[in-house]
There are 2 protein chains.
Amino acid sequence: MKLTLRQMEIFLNVVASGHLTNVAKEMKLSQSAISMSIKELETILGKPVFDRINKKLVLNEVGRAFYKEIDPIYKKLSDIEYEFKNSENKGIIRVGASTTIVDYLMPTIICSYMSSYPDVKITLKEGNTKEITQMIQEGAIDVGFVEGLVFEPDVIKEKIGVDELWVVSASPKFNKGCYIDELAKEKWILREEGSGTREVFLNYIKDKVDKLNIFLELGHTESIKSILVNRECLTCISKISVENEIKEGKFYHVDVKNFDCKRDFLMIYHKDKYHSTLFDKFVYFSKKLMLQMLDTEQYNRSKYIK
Amino acid sequence: MKLTLRQMEIFLNVVASGHLTNVAKEMKLSQSAISMSIKELETILGKPVFDRINKKLVLNEVGRAFYKEIDPIYKKLSDIEYEFKNSENKGIIRVGASTTIVDYLMPTIICSYMSSYPDVKITLKEGNTKEITQMIQEGAIDVGFVEGLVFEPDVIKEKIGVDELWVVSASPKFNKGCYIDELAKEKWILREEGSGTREVFLNYIKDKVDKLNIFLELGHTESIKSILVNRECLTCISKISVENEIKEGKFYHVDVKNFDCKRDFLMIYHKDKYHSTLFDKFVYFSKKLMLQMLDTEQYNRSKYIK
DNA sequence: ATTATTATCAATAATATTGAAGGATTTTCA
DNA sequence: TGAAAATCCTTCAATATTATTGATAATAAT
């Protein structure tokens, strides 16, 4: 036999009022229902919690300790139930994103979102497009942000922006118009094999460039940026990862003619995903912010308007 | 509609195992019972807590937060229930005692008891015999210790020892055999009017002494003792309140011939009191300890035996 | 005596659970 | 590969269990 919440509720009310009859009225139940519920509770515990002194039920030493334990817990449970029934903004959203997005977009989104919805917690996982997609399929994350293409049928994808790859350098030497094939024999630093950024770039130039002089391959964008500083090298990376440095004059966006290398940023989620208000709000919020951040021009303009 | 513990139990099991079928087996229920229970929980909360991804039920962002809140509380409730079902020694005993007992006997009893039963809490209330008896009648305390007489029919009384009143002084001047009437004109300090100790003493000597020279009345035994020190005064108080000081030689027990002033110490409780194991243990324990403390001779002997 | 209160019991209402049927998806194996 | 089997959840009506009622008795207070 196990205690029920109902029994606890009735018990607490009886403690509060001291009379079964009052409680019965308050709870719109018959007096015998209350009496039997209390008796059942005592049977389950194996001992009385009330002394029947005169017509009153007075907590005894056991009941008193029981009350002290149960009362705060019952209240807390009620609060939780109320919160979840009434609050739209309570939950834990698990987000997954691929490398570039994790590093350069997610921090802004998460900080901004959490300040608007303090009751929502977010956990962030990193992975490449394939891994993130699989997490969606397995239900390991609620929503994913990836660069690259997704074809799985049970995964819904929404284009949330365009990722632009820029040729970047720290040296002013390249800071004049030119064509991509003229740069082929310069020293290039690229991401490692398997990286989406690398693949897209190489695929894009394969018709125009015979052989690219790749002199260094690194696993992280930040590593590339560190090496790039003060050296006469070139790289091709996502514009969002170097925007700040270019603004500061640390790097140059090399003006390569006829170079327009783009790919989509996607938001993905499972087709069977239940769209809670919470989920929808997060999706709406992050899509909006993504678009702002990815369209720099529009983003800067909106700053002035504000 | 309200959530039930059962629904939470099933919910937690489903979260743990991920499959309704497993949970149904574990809980020895049909699988449809589990399904409907979860559905009911979701209806009550107003939103799903699981995403039905493939055949699995995967917690969604709402369910995850709900789980995080409910899980520890459910465990705690289970622990409490178990504790109260199985532990004999869990409770809060409310004890009332009259002045002398509160000051000189209860501290020892409570400390000693609590070291034997760490899960039991004790609250102590002070009052005169009449007040303590009334508290018993109203169920405001579980057990009382009083000096004096109790006649109420719904209060059970057990004699637990004899209170002896001693004539005490700090001056060696009185440290020789004498009769009470010879001391009547000395300076007496007594407790205030209404005090049991005072009434018993005055009633006891009323036939032997014409007029007692009461030069000071004080509300507390400890105040009397403070005044007594280094002064040529007398008082008549409970032996247990001055035993230590007499042992230390600070006060003398004046050897008054034919002076044998006693009254009973009583333990009282309500006739309808449910005797939980806890209650019985406390009663047994404190009776034993009281007897030891009140029979000084036996008490000291027992010290040596140990 | 009358009122107020709790306890108890059988009857009944409400709720939880079952068992069978169905749908959707994955696994098995020819 | 593709059809059959297995797995797993959902739904629904039937049933078992549990909670609640209404009437009645018992007890103490006014």
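Just so we're on the same page: letters track the sequence lines, and every chain starts at 1.
- Between the NZ atom of A:Lys25 and the C1' atom of D:dT21 there is a distance of 17 Å, given to the nearest Å.
- In plain terms, the two heavy atoms of A:Lys271 and A:Ile156 that are nearest each other are CA-CD1, 3.6 Å.
- We find that CZ of A:Arg52 is positioned 15 Å from C1' of D:dA26, with the value rounded to whole Å.
- Rounded to an integer number of Å, the gap from CG of B:Leu57 to P of C:dA24 is 17 Å.
- Rounded to whole Å, atom P of C:dA24 lies 12 Å from atom CG of A:Asp272.
- Legend: residues meeting salt bridge (charged side-chain N to carboxylate O under 4.0 Å, His left out) with A:Glu81, ordered by chain and number and at least two apart, are A:Lys85.
- Between B:Asp79 and B:Lys75 no salt bridge is recorded (no basic side-chain N to carboxylate O distance below 4.0 Å).
- A cation-pi geometry, defined here as NZ or CZ lying under 6.0 Å from the six-membered ring centre and within 45° of its normal, does not hold between B:Lys159 and B:Phe265.
- Across every non-hydrogen atom of B:Ile136 and B:Gly144, the tightest pair is CD1-N, 3.8 Å.
- Contact annotation: A:Arg6 reaches the phosphate of D:dT20 (side-chain N/O to OP1 or OP2, under 4.0 Å).
- Between B:Lys273 and A:Asp51, at least one side-chain nitrogen of the basic residue sits less than 4.0 Å from a carboxylate oxygen of the acidic one, meeting the salt-bridge criterion.
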For nucleotides 1-6 of chain D, give me every protein contact, N/O to N/O, under 3.5 Å, one pair per line with atom names.
none

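- A donor-acceptor distance shorter than 3.5 angstrom exists from the side chain of B:Glu42 to the backbone of B:Phe50, with no hydrogens or angles considered.
- Remark: C1' of C:dT15 and CD1 of B:Ile10 are 13 Å apart, rounded to the nearest angstrom.
- Distance alone, capped at 3.5 Å, is enough to place a donor-acceptor pair between the B:Arg64 side chain and the B:Leu59 backbone.
- Nearer the 5' end of DNA chain C, as judged by each residue's closest nucleotide, is the contact made by B:Gln7, out of B:Gln7 and A:Asp154.
- Between A:His19 and C:dT6 there is a side-chain polar atom (N or O) within less than 4.0 angstrom of OP1 or OP2.
- Atom CD1 in A:Ile53 sits roughly 18 Å away from atom P in D:dT27 (whole-Å rounding).
- Residues of residues 26-44 of chain A having a heavy atom closer than 4.0 Å to DNA chain D, listed by number: A:Lys28, A:Leu29, A:Ser30, A:Ser32, A:Ala33, A:Met36.
- With rounding to the nearest 0.5 angstrom, the CG atom of B:Leu3 is 10.0 Å from the CD1 atom of A:Ile80.
- Residue A:Lys56 contributes atom NZ, which lies 11 Å from atom P of C:dT6 at whole-angstrom precision.
- Distance CD (B:Glu9) to P (C:dA16): 13 Å, rounded to an integer number of Å.
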